[in-house]
Trainee: 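Before I ask anything, let me first share the structure, which is written out below as structure tokens.
Since this is a predicted model, take the numbers as computed values, not measurements.
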Amino acid sequence: MKNKKDPAFTRKLISLVMPIAFQQFMLALVSASDALMLGVISQDSLSAVSLAGQITFIHNLLLEAMTIGLSLIAAQYWGKGDIPAVERIFAFVMKVTTAITLIFTLSALLIPGMLMRIFTNDPVLIRGGSLYLRVIAVSYLLTGISQMYLCILKNSGRAAKSSMISATSVVVNIFINAVLIYGLFGMPRMEIAGAALATVTARIIEVTWCVLETVGKDQVKLRAKYLRRDDPVLRRDFWKYTTPVICNEIVWGTGFSMYSVIMGHLGSDAVAANSIASIVKNLAGCFCMGLGNGGGIMSGLVLLAFSPLILRAANLSVTAEGYLKGMLLICAYYMIGRSVNGVTISGIFCAGGDSKFGLYCDCISMWCIMVPLGLIAAFVLKLPVLAVYFIISLDEFVKIPAVYLNYKKYRWVKDLTVKTDPT
């Protein structure tokens, strides 16, 4: 196996990972389009929406954990032809997801200023980000619903339809973004509020389309009877495999967001440069997660090739542009480490049944090493902006030795068979 290639396996792998990579790319592209289009208007608009987007980033990570758990169980029962079991787990996960997304919706509506103060002390950015969060708040609930529907479509033989819905939603979002942000076709120029409203509108279309796709005969549906009564065995299995993933996403996501907190307190130029660098990093990272180690190298090279275009995409100050040039170079090598760890931790280990290693690894590497180092570099040693950014971008490489050792010991191979309550 070390020296042979399996064409059938490769084709199967690509058919599985590409829809996942594509859907995550679609989610990241929504926030990216908001920030980049606003960057044409002003540096402050770009920075405000990018920092507010950290809330969306954490929200999307939790949704990803929900879809991992749902996919794990739903795919097995769909393969057995047990549609009622698929519908039961679908209903249960939808209830859990709705509860999570309501927390984000209410927080964005009621305490947007408090959320923004976590990331910056600049009153202009707090005001702009608060406006964005209030308008976009309801999209968190809509996104949670649509992502579960898209997940169930992928796991019931309709991956192409799921990708079509996601792609169409993003295209609609970007078009409405341009119309409302810049005031095209006689519409009012809404700028930050327009970006948020465009996202909400696109999500309404996405949810409606998803629901309509389940109307036909023999389609997996969200049934009221399964919403009222859970399957205790499926519920237990879901939490057994999903809880470590959720904890890992929280630990990694909040740790990653801490980097934005650090950069957010180093001045408006640092915030603006980091905003664009983070967008590029997230978009490239989506493909790395799906394409593997080679994807990391490819993404890094593509990022370097497109750096001049990226630098012209936003209206940045001279200082911010200088920061961004350096950050893009750092992002290029970061992609290699992220792809290696993403494929191994989120792919191989989770598929083998070991969903806890990533949690332990991120707890130590991010919260015990990288976040403290970043805080010390920024606020104690007061190092230059690019030096701080270089340090906090080493997190993926810190994990690699532990990831490699765990892989070679094969402790991640476990039994993933799940059972259902026959009643």
Trainee: Do Val271 and Leu266 have side-chain heavy atoms sitting under 4.5 Å apart?
Mentor: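 No - every pair of side-chain heavy atoms lies 4.5 Å or more apart.
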Trainee: Can you list everything that forms a salt bridge (charged side-chain N to carboxylate O under 4.0 Å, His left out) with Glu191? Sequence neighbours excluded, please.
Mentor: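 For Glu191 the salt bridge (charged side-chain N to carboxylate O under 4.0 Å, His left out) partners, ignoring immediate neighbours, are Arg189.
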Trainee: Just by distance, do the side chain of Trp78 and the backbone of Ile83 share a donor-acceptor pair under 3.5 Å?
Mentor: no
Trainee: Side chain to side chain contact (heavy atoms under 4.5 Å, CB included) for Ile73 and Asp237? Distances and angles first, verdict last.
Mentor: CA-CA 8 Å; Ile73 300 176; Asp237 287 331; 4.1 Å; yes
Trainee: Atom CZ in Phe119, atom OG in Ser260: separation rounded to 0.5 Å?
Mentor: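 Rounded to the nearest 0.5 Å, the CZ-OG separation comes to 6.5 Å.
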Trainee: Indicate whether the side chain of Arg203 and that of Thr143 have a donor and an acceptor atom separated by less than 3.5 Å.
Mentor: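 Side-chain D/A pair, Arg203 to Thr143: present.
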Trainee: How close do Leu142 and Val200 get, counting heavy atoms only, and between which atoms?
Mentor: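 Looking at all heavy atoms of both residues, the closest pair is CD1-O, 4.0 Å.
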Trainee: Whether the side chain of Thr254 engages the backbone of Ile250 through a donor-acceptor N/O pair (distance < 3.5 Å, no angle test) should be reported.
Mentor: yes
Trainee: Taking only distance into account, with no hydrogens and no angle test, what donor-acceptor pairs under 3.5 Å do side-chain atoms of residues 377-386 form with protein atoms, sequence neighbours excluded?
Mentor:
none

Trainee: Of the non-hydrogen atoms in Ser162 and Leu150, which two are nearest, and what is the gap between them?
Mentor: OG-O, 3.2 Å
Trainee: Are any of the side-chain heavy atoms of Cys151 and Ser71 separated by less than 4.5 Å?
Mentor: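 The answer is yes, as the side chains (C-beta and beyond) meet within the 4.5 Å cut-off.
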Trainee: Applying side-chain contact (heavy atoms from CB on, under 4.5 Å), can you list everything that pairs with Ala160, at least two apart in sequence or on another chain?
Mentor: none
Trainee: Measure centre to centre between the rings of Phe238 and Phe92, then say whether the value is under 6.0 Å.
Mentor: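 Yes; Phe92 has its ring centre under 6.0 Å from that of Phe238.
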Trainee: For residues 165-199, which residue pairs qualify under ring-ring contact (aromatic ring centres under 6.0 Å, His included), counting only residues two or more places apart or in two chains?
Mentor: none
Trainee: Only counting residues at least two apart or in another chain, list the ones meeting salt bridge (charged side-chain N to carboxylate O under 4.0 Å, His left out) with Arg223.
Mentor: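 For Arg223, the residues satisfying salt bridge (charged side-chain N to carboxylate O under 4.0 Å, His left out) (neighbours in sequence not counted) are Glu87.
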Trainee: What are the two closest heavy atoms between Ala75 and Asn155, and how far apart are they?
Mentor: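 Taking every non-hydrogen atom into account, CB-OD1, 3.5 Å.
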Trainee: For Ala65 versus Glu249, what's the shortest heavy-atom pair and its separation?
Mentor: CB-CG, 3.9 Å
Trainee: Kindly say whether Ile136 contributes a backbone atom to a donor-acceptor pair with the side chain of Ser139 at under 3.5 angstrom?
Mentor: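 Yes; judged by distance alone, with no hydrogens or angles, the pair exists.
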Trainee: Enumerate the residue pairs fulfilling side-chain hydrogen bond (donor to acceptor under 3.5 Å, both in side chains) with a member in residues 100-111, sequence neighbours excluded, ordered by first and then second residue.
Mentor: none
Trainee: Using every non-hydrogen atom in the two residues, find where Asp122 and Ser268 come nearest and quote the distance to one decimal.
Mentor: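 Looks like OD2-CB, 4.3 Å.
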Trainee: Let me confirm one number: the NZ-NZ distance from Lys161 to Lys154, rounded to the nearest 0.5 Å.
Mentor: 15.0 Å
Trainee: Check whether the ring centres of Tyr389 and Tyr323 lie less than 6.0 Å apart, and answer yes or no.
Mentor: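 For Tyr389 and Tyr323, the ring centres are not under 6.0 Å apart.
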Trainee: Taking the side chain as everything from C-beta on, heavy atoms only, tell me whether Arg158 gets closer than 4.5 Å to Gln219.
Mentor: yes
Trainee: Can you find a pair of side-chain heavy atoms, one from Val124 and one from Arg127, that are under 4.5 Å apart?
Mentor: yes
Trainee: Not counting sequence neighbours, which residues clear side-chain contact (heavy atoms from CB on, under 4.5 Å) with Ser365? List them please.
Mentor: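 Applying side-chain contact (heavy atoms from CB on, under 4.5 Å) to Ser365 gives Asp362, Val398, Lys399.
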Trainee: The test is side chain to side chain contact (heavy atoms under 4.5 Å, CB included); show your working for Tyr259 and Asn274 and say whether it passes.
Mentor: CA-CA 10 Å; Tyr259 301 157; Asn274 183 60; over 6 Å; no
Trainee: Would you say the rings of Tyr149 and Phe90 are close, in the sense that their centroids are separated by under 6.0 Å?
Mentor: yes
Trainee: Going from OG1 on Thr199 to CD1 on Ile204, what distance comes out if it is rounded to the nearest 0.5 angstrom?
Mentor: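 One gets 11.0 Å once the value is rounded to the nearest 0.5 Å.
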Trainee: Looking at residues at least two apart in the chain, or sitting in another chain, which of them share a side-chain contact (heavy atoms from CB on, under 4.5 Å) with Tyr360?
Mentor: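 Tyr360 satisfies side-chain contact (heavy atoms from CB on, under 4.5 Å) with Lys356 once adjacent residues are dropped.
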Trainee: Show the nearest heavy-atom pair for residues Pro244 and Trp239, with the distance to one decimal.
Mentor: CD-O, 4.2 Å
Trainee: With rounding to the nearest 0.5 angstrom, report the CD to CG distance, Gln76 to Asp82.
Mentor: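 Output value for this atom pair is 11.5 Å.
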Trainee: Is there a side chain to side chain contact (heavy atoms under 4.5 Å, CB included) between Ser257 and Val261? Walk through the geometry before answering.
Mentor: CA-CA 6 Å; Ser257 293; Val261 172; 5.6 Å; no
Trainee: Go through the steps for Arg235 and Ile89 under the test side chain to side chain contact (heavy atoms under 4.5 Å, CB included), then give the verdict.
Mentor: CA-CA 7 Å; Arg235 181 177 65 239; Ile89 190 61; over 6 Å; no
Trainee: Under the side-chain contact (heavy atoms from CB on, under 4.5 Å) rule, collect the residues that match up with Leu131, sequence neighbours excluded.
Mentor: Val135, Ile192, Ala193
Trainee: Can you tell me how far CD1 of Ile369 sits from CD1 of Ile391, rounded to the nearest 0.5 angstrom?
Mentor: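 Nearest 0.5 Å value for the CD1-CD1 distance: 13.5 Å.
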Trainee: By salt bridge (charged side-chain N to carboxylate O under 4.0 Å, His left out), which residues pair with Arg134, not counting sequence neighbours?
Mentor: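 In terms of salt bridge (charged side-chain N to carboxylate O under 4.0 Å, His left out), with neighbours along the sequence ignored, Arg134 is linked to no residue.
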Trainee: A side-chain contact here means heavy atoms from C-beta on lying under 4.5 Å apart; do Thr214 and Leu222 qualify?
Mentor: no
Trainee: Tell me, which pairs form a salt bridge (charged side-chain N to carboxylate O under 4.0 Å, His left out) where one or both residues lie in residues 93-116, sequence neighbours left out?
Mentor: Lys95-Asp230
Trainee: According to ring-ring contact (aromatic ring centres under 6.0 Å, His included), does anything in residues 44-63 pair up with another residue at least two apart or in another chain? List the pairs.
Mentor: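 Sorted result for residues 44-63: Phe57-Trp252, Phe57-Phe256, His59-Phe104, His59-Tyr140.
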Trainee: Indicate whether the side chain of Ser42 and that of Ser45 have a donor and an acceptor atom separated by less than 3.5 Å.
Mentor: yes
Trainee: So do Leu324 and Leu316 actually touch side chain to side chain, heavy atoms under 4.5 Å?
Mentor: yes
Trainee: Should Tyr333 and Ser393 count as side-chain neighbours, where that means a heavy-atom distance under 4.5 Å?
Mentor: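 Yes, at least one pair of side-chain atoms sits under 4.5 Å.
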Trainee: Quick one: OG on Ser166 to CE on Met164, what's the gap to the nearest 0.5 Å?
Mentor: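 The OG atom of Ser166 sits 11.0 Å away from the CE atom of Met164.
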Trainee: Would you check if Ser47 and Gln43 make a side-chain contact, meaning some heavy-atom pair closer than 4.5 Å?
Mentor: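 Touching, per the 4.5 Å side-chain cut-off.
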Trainee: Using the rule side-chain contact (heavy atoms from CB on, under 4.5 Å), only one of Leu70, Ile152, Thr67 pairs with Val93; which is it?
Mentor: Leu70
Trainee: Just by distance, with hydrogens left out, do Ser146 and Glu206 show a side-chain donor and acceptor under 3.5 Å apart?
Mentor: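 Side chains of Ser146 and Glu206: pair found under 3.5 Å.
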